[in-house]
Colleague: 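Sharing a structure, written as structure tokens. Questions coming.
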2 protein chains.
Amino acid sequence: MPNNQFKRGELYSFMTGKASTAIARRLQKNFKQVGIDITVEQWSVLYHLWKQDGMSQQELCNATFRDKPSITRLVDNLEKQKLVKRVASKDDRRMNLIYLTDEALKLETQTLEVANTTLNEALDGVGPDNIAICKEVLQIVYDNLK
Amino acid sequence: MPNNQFKRGELYSFMTGKASTAIARRLQKNFKQVGIDITVEQWSVLYHLWKQDGMSQQELCNATFRDKPSITRLVDNLEKQKLVKRVASKDDRRMNLIYLTDEALKLETQTLEVANTTLNEALDGVGPDNIAICKEVLQIVYDNLK
DNA sequence: TTTGGTTAGTTGCATAACTAACTATATGCC
DNA sequence: GGCATATAGTTAGTTATGCAACTAACCAAA
């Protein structure tokens, strides 16, 4: 049973994710502005590798909420840019373990600063309580649908 | 001056829009399931045309928060599927006015039902007050960055 | 009326997404 | 061991996005 009914005008912004598109665009622009030449999607992969280096592609799929072909190509492109290296696992030769290069390790601090700046631009004028509630709602939405 | 500082773990979900990705995927899946053969991006264009038929491509850019090439191609594909027609404006021959076909008019009610269902799936377990706050926050984010 | 700037739309190129089909390796059961 | 099945990753085809460069039409000022 539906717990909410929406008037037609209310559907749209929720369904199309304008806010998250706007954040992604701004983040991309801010990367560019400080001379960081990676896409936001590549950043999302690096983000998880900074937390735990040597993840498999499948683990990156789960972490980034992307499918396998997407990760294959993101890793392809990151490899081209010499930011990661594929290493075949010795335990299970089906698996590639993805390792950061020194180059990529250097990007961590710099990109997190840019991400922080971007988020502050985005949330300017929003109170901390409402940010918390919004995060919570988005988490529930994700859990409901993933 | 930043009004919020984020711990590293808090950045990610906001920046990558997992929730909106999940909603878009589910909406796409639900369209497919009831035999509606359009992409969610095409739906977002039709959505505005149902409200106001005969918009120009530039107006669709503003309404859908997409750039001009994106709209050009979405309209290309919608035209291929015989859901819209480009009509050169008589007042200003640079402009294309985009008109819905009868086929597309029939889709309105059906897709809005699917969208409503999808949103109810997404927001299951979220209280109305929190939904309102979340919408408000996302609107501010959008306004801050657009 | 001509020139220069602006606006509407298109095209080309690179990256990314989803689906489906594929290869290769691993695993479990007989 | 051998076969069926599952898992990890790749490839191919279609759609979509962002950016930059382009054409065509409009408009305003000299």
Side-chain angles (χ1 to χ4, degrees), chain A residues 16-18 20-33 37-45 54-81 83-84 86-98, chain B residues 16-18 20-33 37-45 54-81 83-84 86-98 145-146:
Chain A
T16 54
K18 279 194 196 184
S20 64
T21 304
I23 290 180
R25 273 187 213 167
R26 179 62 65 91
L27 179 60
Q28 183 73 71
K29 188 179 145 193
N30 289 348
F31 279 158
K32 194 170 185 176
Q33 209 149 43
D37 199 29
I38 58 174
T39 66
V40 293
E41 294 85 359
Q42 290 171 352
W43 177 77
S44 79
V45 172
M55 292 173 82
S56 73
Q57 295 190 195
Q58 184 57 54
E59 285 170 331
L60 286 172
C61 290
N62 302 334
T64 64
F65 196 47
R66 290 181 164 82
D67 67 356
K68 289 192 292 174
S70 295
I71 291 297
T72 292
R73 269 151 226 185
L74 283 171
V75 172
D76 284 348
N77 286 329
L78 285 167
E79 220 173 15
K80 270 190 227 159
Q81 295 178 254
L83 293 173
V84 305
R86 279 183 172 93
V87 177
S89 165
K90 287 177 183 173
D91 298 338
D92 184 339
R93 280 182 308 158
R94 289 172 304 180
M95 285 201 288
N96 294 330
L97 305 182
I98 312 301
Chain B
T16 53
K18 280 194 196 184
S20 65
T21 303
I23 290 180
R25 272 187 214 166
R26 179 62 64 93
L27 180 59
Q28 184 72 73
K29 187 179 147 194
N30 288 348
F31 279 159
K32 194 169 186 180
Q33 209 149 42
D37 199 29
I38 59 174
T39 66
V40 294
E41 294 84 359
Q42 290 172 350
W43 177 78
S44 79
V45 171
M55 293 174 80
S56 72
Q57 295 189 195
Q58 183 58 54
E59 286 170 330
L60 286 171
C61 292
N62 303 334
T64 63
F65 195 48
R66 289 181 165 81
D67 68 355
K68 289 194 291 174
S70 294
I71 291 298
T72 292
R73 273 151 224 185
L74 282 171
V75 172
D76 283 349
N77 285 330
L78 285 167
E79 221 174 13
K80 270 188 226 158
Q81 296 178 251
L83 293 172
V84 305
R86 279 184 172 92
V87 177
S89 165
K90 287 177 183 174
D91 298 338
D92 183 339
R93 282 180 305 157
R94 288 171 305 179
M95 283 201 290
N96 294 331
L97 305 182
I98 313 301
L145 299 183
K146 80 176 170 211

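Here is how names work: the chains are called A, B, and so on, in the same order as the sequence lines, proteins then strands, and each is numbered from 1.
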Colleague: Mind calculating the distance between CG (A:L97) and P (D:dG9) to the nearest angstrom?
Modeller: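 Roughly 8 Å, once rounded to whole Å.
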
Colleague: OP1 or OP2 of D:dA16 sitting under 4.0 Å from any side-chain N/O of B:Q42?
Modeller: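 So the side-chain polar atoms of B:Q42 do come within 4.0 Å of the phosphate oxygens OP1 or OP2 of D:dA16, strictly under.
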
Colleague: Between A:N77 and C:dA16, is there a contact of a side-chain N or O with OP1 or OP2 at under 4.0 Å?
Modeller: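 For A:N77, the contact criterion (side-chain N or O under 4.0 Å from OP1 or OP2 of C:dA16) is met.
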
Colleague: Starting from P on C:dG9, measure out to CG on B:N62 and report it in whole angstrom.
Modeller: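 After rounding, the reported distance stands at 10 Å.
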
Colleague: Rounded to the nearest 0.5 Å, how far apart are CD1 of A:I71 and CG of A:D76?
Modeller: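 Reported value, rounded in 0.5 Å steps: 11.0 Å.
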
Colleague: How many whole angstroms separate atom CD1 of B:I71 from atom C1' of C:dT10?
Modeller: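 B:I71 atom CD1 is separated from C:dT10 atom C1' by 13 Å.
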
Colleague: Out of curiosity, B:R25 CZ to B:K29 NZ, how far, rounded to the nearest 0.5 Å?
Modeller: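 Output value for this atom pair is 11.0 Å.
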
Colleague: Test for a donor-acceptor pair under 3.5 Å between the base of C:dG12 and the side chain of B:R73, counting only N and O atoms.
Modeller: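 Side chain to base: pair found, below 3.5 Å.
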
Colleague: Taking only the side-chain nitrogens and oxygens of A:R93, find out if one of them lies under 4.0 Å from OP1 or OP2 of C:dA26.
Modeller: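 Yes, within the criterion.
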
Colleague: Rounded to the nearest 0.5 Å, what separates atom CG in B:L74 from atom CD in B:E41?
Modeller: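 So the CG of B:L74 and the CD of B:E41 are separated by 7.0 Å.
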
Colleague: At under 4.0 Å between heavy atoms, what does B:T21 touch on the DNA or RNA strands: base, sugar-phosphate, or nothing?
Modeller: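 Answer is nothing: B:T21 stays at 4.0 Å or more from every strand.
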
Colleague: Find the distance B:K32:NZ to C:dC18:C1' and express it as a whole number of Å.
Modeller: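 Whole-Å distance recorded here is 9 Å.
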
Colleague: Does D:dT10 have OP1 or OP2 under 4.0 Å away from a side-chain N or O of A:T72?
Modeller: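 Yes.
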
Colleague: Taking only the side-chain nitrogens and oxygens of B:R25, find out if one of them lies under 4.0 Å from OP1 or OP2 of C:dC18.
Modeller: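 True: B:R25 side-chain N/O within range (under 4.0 Å) of C:dC18 OP1/OP2.
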
Colleague: Please state whether the phosphate of C:dT10, meaning OP1 or OP2, lies under 4.0 angstrom from any side-chain nitrogen or oxygen of B:Q57.
Modeller: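 Checking B:Q57 against C:dT10: at least one side-chain N or O falls below 4.0 Å of OP1 or OP2.
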
Colleague: Can you confirm whether A:I23 sits close enough to A:R26 that some side-chain heavy atom of one is under 4.5 Å from a side-chain heavy atom of the other?
Modeller: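 No, every pair of side-chain atoms sits at 4.5 Å or beyond.
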
Colleague: Return the value, rounded to whole Å, for the distance between atom CE of A:M95 and atom C1' of C:dA24.
Modeller: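 These atoms are roughly 14 Å apart.
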
Colleague: Within this structure, what is the OG-CG distance for the pair A:S56 and A:D92, rounded to the nearest 0.5 Å?
Modeller: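 If we round to the nearest 0.5 Å, A:S56:OG and A:D92:CG are 9.5 Å apart.
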
Colleague: Can you tell me how far the CD atom of B:Q57 sits from the CZ atom of B:R66, to the nearest 0.5 Å?
Modeller: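 Here the rounded value is 13.5 Å.
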
Colleague: Over how many whole Å does the gap from A:L78 atom CG to D:dG9 atom P extend?
Modeller: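 It is 15 Å, rounded to the nearest whole Å.
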
Colleague: Which atoms of nucleotides 4-7 of chain D (N or O only) lie under 3.5 Å from a protein N or O atom, and what are those distances?
Modeller:
residue : atom : partner : partner atom : Å
D:dT7   : O2   : A:R94   : NH1          : 2.9

Colleague: At less than 4.0 Å, is any side-chain N or O atom of B:R86 found next to OP1 or OP2 of C:dT10? Yes or no.
Modeller: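 Yes, such a contact exists.
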
Colleague: If you count the non-hydrogen atoms of other residues, nucleotides and ligands that lie under 6.0 Å from NZ in B:K146, is the total more than 12?
Modeller: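 Enclosed: over 12 neighbouring heavy atoms sit under 6.0 Å from NZ of B:K146.
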
Colleague: How about A:M95 and A:Q58: do any of their side-chain heavy atoms sit closer than 4.5 Å?
Modeller: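 With C-beta onward as the side chain, the pair stays apart.
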
Colleague: Verify the contact: side-chain N or O of B:S70 to OP1 or OP2 of D:dT17, cut-off strictly under 4.0 Å; return yes or no.
Modeller: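 Affirmative; the distance criterion is met.
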
Colleague: C:dA16, OP1 or OP2 - any side-chain N/O from A:R66 closer than 4.0 Å?
Modeller: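 For C:dA16, neither OP1 nor OP2 has a side-chain N or O of A:R66 closer than 4.0 Å.
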
Colleague: Starting from P on C:dA17, measure out to CZ on A:F65 and report it in whole angstrom.
Modeller: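 Whole-Å distance recorded here is 12 Å.
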
Colleague: Mapping A:Q81 and A:D92 onto DNA chain C by nearest heavy atom, which one lands closer to the 5' end?
Modeller: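 Taking each residue's closest nucleotide, the earlier one in sequence belongs to A:Q81.
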
Colleague: When the distance from CG of B:D67 to C1' of C:dA16 is rounded to whole Å, what number comes out?
Modeller: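 My rounded result for the distance is 15 Å.
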
